[in-house]
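In this text, all values refer to a predicted model and were calculated from it rather than measured experimentally. One is the number of the first residue; the rest follow in order along the sequence.
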Amino acid sequence: MMRKTSVILLSAATGAALTLFVTQPRAVFMGSSARAATADTYRQLNLFGDVFERVRSDYVEKPDDTKLIESAISGMLTGLDPHSSYMDAKSFRDMQVQTRGEFGGLGIEVTMEDGLIKVVSPIDDTPASRAGIMANDIITNLDDEAVQGLTLNQAVEKMRGPVNTKIKLKIIRKGQDNPLDVTLVRDNIRVRSVRARVEADDIAYIRITTFNEQTTEGLKREVTNLSNQIGDKLKGYIIDLRNNPGGLLEEAVTVSDSFLEKGEIVSTRGRNAEETQRRTAHSGDLTKGKPVIVLVNGGSASASEIVAGALQDHKRATIVGTRSFGKGSVQTIIPLGSGNGALRLTTARYYTPSGKSIQAKGIVPDIEVLQDVPDELKSRTDTKGEASLRGHLKNDGDEKTGSQSYVPPDAKDDKALKLADDLLHGIKNSASAAPTPGGDKAAADKPKAAN
């Protein structure tokens, strides 16, 4: 019998996967000590059965048996580490949508403001953009149902749905005396995990926000567009992975491969030595050897750290910013059958090409750059990191907690971006830009939804 599973990398805040591989069940050879352990395990399971029956019969209100079992499974998994968990059927479906980066919807990024849905921006070439939905529009009703009282996730779920189905939005727009009624037909929406622009007339800036099934395709598209747009004066590429929480292992590998000609990208090592897997690059550098700067910070986790670590170890890119999150483990999604959800189980650690585990340590940038943080945000701009999570997998040596994760909203205030520009223009080099010992280094060690 074969079991289908999915491999993901995720931070404390995200998770998704559809990259499938097949594992064979292990043969079991049971000695006397194993039989004793099994007997003890069955005694503990009998204890669980006793507690379950006592709760069912004596709890002050009649409990839901399904919820009791799901809570027990969830408790078992969350007791392992911060990233293992149980997903019920709905959570599993939501995760699959998130990983695909593709769903039936309207094509608007939204947030919640004063209990109403505020449009952050419409996505180009979607039903929302074609209907003239604008940034800062306030959505008050969905199919004549008031959104007041709904959570953001509930509102997003209502706006998503099967392709070619209709939904009516009531919109309040600044400058309009009366609300607008707009009927939209849902279409297939692809989440843009890659955004790009020309920086300083001769630099290709590419921001990767997550690693879903669309990421490598989006990266290739933007590299082609920018190289054609800039032409022969192209100085190099800035790949911005700041506050990217991770995603699919396969996408981290193919994104890394896009910049490498050869060599190991990452290795994953499970409990047993035979489970070690190594992923290597194929010839063909998408950027044709142009200089690359990778921006990271305390919010760069998991798949982001695989990319940064691979390019750093191969000296293919200069890493600029602050130490990354430090999540060096791999989660496997194990479906439990129709309607039963899935397990998200930590099954391996990953290692950079040099054989280094970044678990609870993070990627240390080649050049550290601390941002100037507004006073009112100073208490909220450090990410505690993997090492601060209760129950995290331990690593040998000195673990690190906390790193700055603030990115200025205005590019002109972005010190890491400015340094990357200077490096690519030859105004500074890596040696002159590195922080002085005892300076900024010590300071760094201080502790929206789309539909």
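- Checking Q331 against T346 by side-chain atom types alone, a donor-acceptor pair falls below 3.5 Å.
- Side-chain contact, S91 with D94: no donor N or O sits under 3.5 Å from an acceptor N or O.
- Counting heavy atoms from C-beta outward, L169 and L142 have side chains that approach closer than 4.5 Å.
- Taking CD of Q96 as the reference point, atom CD1 of I333 lies at 9.0 Å (rounded to 0.5 Å).
- No donor-acceptor distance shorter than 3.5 angstrom exists from the side chain of N297 to the backbone of G321, with no hydrogens or angles considered.
- At least one donor-acceptor pair under 3.5 Å links the side chain of T126 to the backbone N or O of G107.
- Taking the ring centre of F259 as origin, the terminal cationic atom of R316 falls outside the region bounded by 6.0 Å and 45° from the ring axis.
- Looking only at distances, no side-chain donor or acceptor of D114 sits under 3.5 Å from a matching main-chain atom of L116.
- Using a 4.0 Å cut-off between charged nitrogen and carboxylate oxygen, R242 and D240 count as a salt-bridge pair.
- Residues P82 and L389 approach most closely at CG-CB, 3.7 Å, considering heavy atoms.
- Tested against S304, the residues I208, N244, N243 include a single side-chain contact (heavy atoms from CB on, under 4.5 Å) partner, N244.
- Checked options I319, L419, L241, I238; the residue passing with L295 is I238 (criterion: side-chain contact (heavy atoms from CB on, under 4.5 Å)).
- Side chain of N188 to backbone of E102: no donor-acceptor contact under 3.5 angstrom is found.
- Listed for the T210 side chain is no donor-acceptor partner under 3.5 Å among the backbone atoms of N212.
- Between the side chain of D81 and the main chain of S84, a donor-acceptor pair closer than 3.5 Å is present.
- L80 has its side chain within reach of L345: a pair of non-hydrogen atoms, C-beta onward, lies under 4.5 Å apart.
- Only one option out of I139, V182, T140, I138 pairs with K170 in a side-chain contact (heavy atoms from CB on, under 4.5 Å); it is T140.
- Taking all atoms of both residues into account, the shortest heavy-atom contact from D366 to Q312 is OD1-NE2, 3.2 Å.
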### Task
Decide yes or no on side-chain contact (heavy atoms from CB on, under 4.5 Å) for H392 and K394, but give the supporting numbers first.
CA-CA 6 Å; H392 70 273; K394 301 299 183 181; 3.3 Å; yes
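- Proximity of S256 to V307: side-chain heavy atoms (C-beta onward) are separated by under 4.5 Å at one or more points.
- Test I167, I189, V97 against R160 for side-chain contact (heavy atoms from CB on, under 4.5 Å) and you get one pass: V97.
- A salt bridge between E386 and R349 is absent, with no side-chain N of the basic residue lying under 4.0 Å from a carboxylate O of the acidic one.
- Legend: residues meeting side chain to side chain contact (heavy atoms under 4.5 Å, CB included) with T165, ordered by chain and number and at least two apart, are P162, R186.
- Using modelled atom types, no side-chain atom of Y350 and backbone atom of I358 make a donor-acceptor pair closer than 3.5 Å.
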### Task
Please step through side-chain contact (heavy atoms from CB on, under 4.5 Å) for the pair V255 and I306, ending with a clear verdict.
CA-CA 10 Å; V255 165; I306 283 182; over 6 Å; no
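- Residues K118 and N136 are in side-chain contact: their nearest non-hydrogen atoms beyond the backbone lie under 4.5 Å apart.
- When the shell of 6.0 Å around CG of D58 is examined, it contains more than 12 heavy atoms from other residues, nucleotides or ligands.
- Between the side chains of D313 and S354, at least one donor N or O lies within less than 3.5 Å of an accepting N or O.
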### Task
May I have the step-by-step check of side chain to side chain donor-acceptor pair (under 3.5 Å) for T268 and Q277, ending in yes or no?
CA-CA 5 Å; T268 58; Q277 296 185 8; 4.5 Å; no
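- By the 6.0 Å contact criterion, CG on N46 is enclosed, its count of non-hydrogen atoms from other residues, nucleotides or ligands being greater than 12.
- In this structure, F325 and A301 approach most closely via the heavy-atom pair CB-CB, 3.6 Å.
- With sequence neighbours excluded, the residues that form a side chain to side chain contact (heavy atoms under 4.5 Å, CB included) with T209 are S193, R207.
- Shown here for D414 and P408, the closest heavy-atom pair between the two residues is CA-CG, 3.8 Å.
- By the 4.5 Å heavy-atom criterion applied to side chains, I117 and M112 are counted as neighbours.
- Under 4.0 Å is where a charged nitrogen must lie from a carboxylate oxygen, and between K168 and D143 no such pair does.
- At least one donor-acceptor pair closer than 3.5 Å links the side chain of R130 to the backbone N or O of D125.
- Other residues, nucleotides and ligands place no more than 12 heavy atoms under 6.0 Å from the NZ atom of K384.
- With salt bridges taken as basic N to acidic carboxylate O contacts below 4.0 Å, one links R56 and E53.
- In plain terms, the two heavy atoms of F48 and A72 that are nearest each other are CE1-CB, 3.6 Å.
- A pairwise comparison of heavy atoms in Y86 and S74 identifies CB-CA, 4.0 Å as the closest pair.
- A salt bridge links R279 and E250; the closest N-O separation between the charged side-chain nitrogens and carboxylate oxygens is under 4.0 Å.
- Remark: the backbone N or O of I133 is not paired with any side-chain donor or acceptor of D137 at under 3.5 angstrom.
- E222 places a side-chain heavy atom less than 4.5 Å from the side chain of R192.
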### Task
Please assess S324 against E305 for the test side chain to side chain donor-acceptor pair (under 3.5 Å), listing each intermediate value before the final yes or no.
CA-CA 7 Å; S324 64; E305 294 173 295; 2.7 Å; yes
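- The structure places CD of Q371 at 9.0 Å from CG of D413, a figure rounded to the nearest 0.5 Å.
- Put simply, the side chain of E251 gets close to the backbone of T216: a donor and an acceptor are under 3.5 Å apart.
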